[in-house]
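Everything on this sheet refers to the single structure shown next.
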Protein chains: 2
Amino acid sequence: MSLRYATLGLLSKWEASGYDIKKEFHDIMSIFWHTHLSQIYPELKKLENENLISSKLIPQMGKPDKKIYSITEDGREVLLKWLLESNEIPKIKDSFLMQTFFLDNIPVDEVLLKLNMQKKERRQRLEIMKIMSKEKLESIKERNVMTARILMASAVLRRGIEQEKQYIKWCEETISLVEYCKYLWEKNDDYLTPSTENVESQNTTSIPFTEVEDVLLKYFADIVDEV
Amino acid sequence: MSLRYATLGLLSKWEASGYDIKKEFHDIMSIFWHTHLSQIYPELKKLENENLISSKLIPQMGKPDKKIYSITEDGREVLLKWLLESNEIPKIKDSFLMQTFFLDNIPVDEVLLKLNMQKKERRQRLEIMKIMSKEKLESIKERNVMTARILMASAVLRRGIEQEKQYIKWCEETISLVEYCKYLWEKNDDYLTPSTENVESQNTTSIPFTEVEDVLLKYFADIVDEV
DNA sequence: TTCCACATGTAAAGGGTTACATGATTGA
DNA sequence: TCAATCATGTAACCCTTTACATGTGGAA
């Protein structure tokens, strides 16, 4: 349902073609949403049929014609209603965290490889966001004006940067922890051997808690220090 | 595609019925995934048809029969292949951040209300995770053993806690910023008035950058300090 | 006596992804 | 000459959500 509002929201800021909208989704909006061109075009058609947006054809030289959409009064009302009335609680689907949860099933070297790869991926995302942030700040300074629109976009950008930074930090901490507790995977080298009924006691190494007490207590320190 | 692996992964740890699986999704797995019972049951059937899991019926007193599923050798292989070969890059869909991006369209009081509500929501999630974390630490201490499985589950839990904490902090910072820059919304009180072609220059208040320079520079400070 | 937890499902509708289809221009 | 960018779309498939359907036992 949210592609509808993402599109209306975007067109509440600027007029745009389907292709332009895709670029926005790929740019700053990638911090909170993603979609495909093949989903945008039918959605635009639907929105136009409902009179929430309208279009005009712009012929271009050398390039294919452009279909520029703009939001209508009805569209603006629908958008405002959604902003005022619906309280979206983001439903998280983090496939990497899901893999992490099951990573005791593969050899410890592979675990470390995966965590390092994720860290790299996150660092790339962070770099892109930093560049966006720099550009934004410079354009604000240049034009020497501030609007509510720029303010909210900046807030979203900051959230994105913080999230990536923290993900990277978590990767590093988890890598250290796994490296420290490597031997827990020892008996798991033959990870393709048959499973048994009592999975808990077989196929894994358990060590007395005292050996890792300090590291784990530190790792769980967050429980104690209140926000 | 990932419900498949979430299910296989879960059954690689314990045997479970569809109902049990739903409870796990609602519990610790809620940090990284969510689903409905009506999706779990067909998925279990599909997995059984492909011989990746097998089931046995457990008659119960007073309660309906239980269908307990366990992973097969084929299932374990499929799971390991996914863990070793696929590098999941989480595709973010954060509907609240999306709303935030468009919040310049509604009155500033409504903006503050929304941010405060999100903060409250996030705090509730954090409290639940803290309780989970406490329970986990106590059970580790009690049993006095450590396994790779517990380690990875703890890492995921920590990530969840950090994320909620940071989201709360971001809400607070953004509330302060919006309160400081309230006047940017001033001319936007009549937010149901007709739109115009040149959206950028109308319907919004712009102020010289210098007035908020300090606050914004601080807000953008993250660009400068490297990870 | 009403609601919640336990327990398993089906059906329909809606949303999202991948593959297919076309075609011009520009830069490497 | 090959790939990428600009530009618009359709079709098939897959995944996800909401609504429907049924029934028991225990607690408030």
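Naming convention: chains lettered A, B, ... in sequence-line order (proteins, then strands); numbering from 1 in each chain.
In the 5' to 3' direction, nucleotides of DNA chain C lying under 4.0 Å from heavy atoms of chain A begin and end at C/dG15 to C/dT25.
In this entry the distance linking CD1 of A/Ile58 with P of D/dC6 reads 17 Å, nearest Å. One interatomic measurement links the two molecules: CG of B/Leu47 to P of D/dC14, which rounds to 15 Å at whole-angstrom precision. Going from atom NZ of B/Lys91 over to atom C1' of D/dT16 covers 14 Å, rounded to whole Å. When rounded to the nearest whole Å, the span between CH2 of B/Trp33 and C1' of D/dT16 equals 11 Å. Between the CG atom of A/Leu37 and the C1' atom of D/dT5 there is a distance of 12 Å, given to the nearest Å. Nucleotide D/dC6 holds its C1' atom 17 Å from the NZ atom of A/Lys67, rounded to whole Å. Spacing between atom CD1 of A/Ile40 and atom P of D/dT8 amounts to 10 Å, rounded to whole angstrom units.
Toward the 5' end of DNA chain D, the nearer of the two residues A/Gln39 and A/Lys66, judged by each one's closest nucleotide, is A/Lys66. Nearest-nucleotide mapping onto DNA chain C: of A/Leu3 and B/Lys45, the residue sitting toward the 5' end is B/Lys45. Closest-nucleotide positions on DNA chain C for B/Pro42 and B/Gln60 were compared, and the one nearer the 5' end corresponds to B/Gln60.
A cation-pi arrangement is absent between A/Lys22 and A/Phe25, since the terminal nitrogen or guanidinium carbon is not both under 6.0 Å from the aromatic centre and inside a 45° cone about the axis. Both the sub-6.0 Å distance and the 45° axial angle are satisfied by B/Arg159 relative to the ring of A/Tyr167.
A salt bridge does not link A/Lys114 with B/Glu85: every distance from a Lys NZ or Arg NE/NH1/NH2 to an Asp or Glu carboxylate oxygen is 4.0 Å or more. Electrostatic pairing of B/Arg158 and B/Glu162 counts as a salt bridge here, judged by a charged N lying under 4.0 Å from a carboxylate O. A salt bridge links A/Glu15 to A/Lys56: at least one charged side-chain nitrogen sits closer than 4.0 Å to a carboxylate oxygen.
Counting non-hydrogen atoms under 4.0 angstrom, B/Ser17 reaches the backbone sugars and phosphates but no base.
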Output side-chain donor-acceptor pairs under 3.5 Å for residues 36-50 of chain B, partner residues at least two apart or in another chain, one line each.
| unit_1 | atom_1 | unit_2 | atom_2 | d |
| --- | --- | --- | --- | --- |
| B/Gln39 | OE1 | B/Thr35 | OG1 | 2.7 |
| B/Glu48 | OE2 | B/Ser55 | N | 3.2 |
| B/Glu48 | OE2 | B/Ser55 | OG | 2.6 |
| B/Asn49 | ND2 | B/Lys45 | O | 3.4 |
| B/Glu50 | OE1 | B/Arg4 | NH2 | 2.4 |
| B/Glu50 | OE2 | B/Arg4 | NH2 | 3.0 |

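For A/Tyr41, the side-chain atoms get nearest to D/dA7 when compared with the rest of D/dT17, D/dA11, D/dA7. Nearest nucleotide to the B/Lys46 side chain, out of D/dA11, D/dC15, D/dT8: D/dC15.
Within the structure, a side-chain polar atom (N or O) of A/Lys93 is placed less than 4.0 Å from OP1 or OP2 of D/dT16. When the side-chain nitrogen and oxygen atoms of B/His36 are compared with OP1 and OP2 of D/dT16, none of them lie within a distance under 4.0 Å.
With sequence neighbours left out, A/Leu112 forms a side-chain contact (heavy atoms from CB on, under 4.5 Å) with A/Ile175, A/Val178, A/Glu179, A/Lys182.
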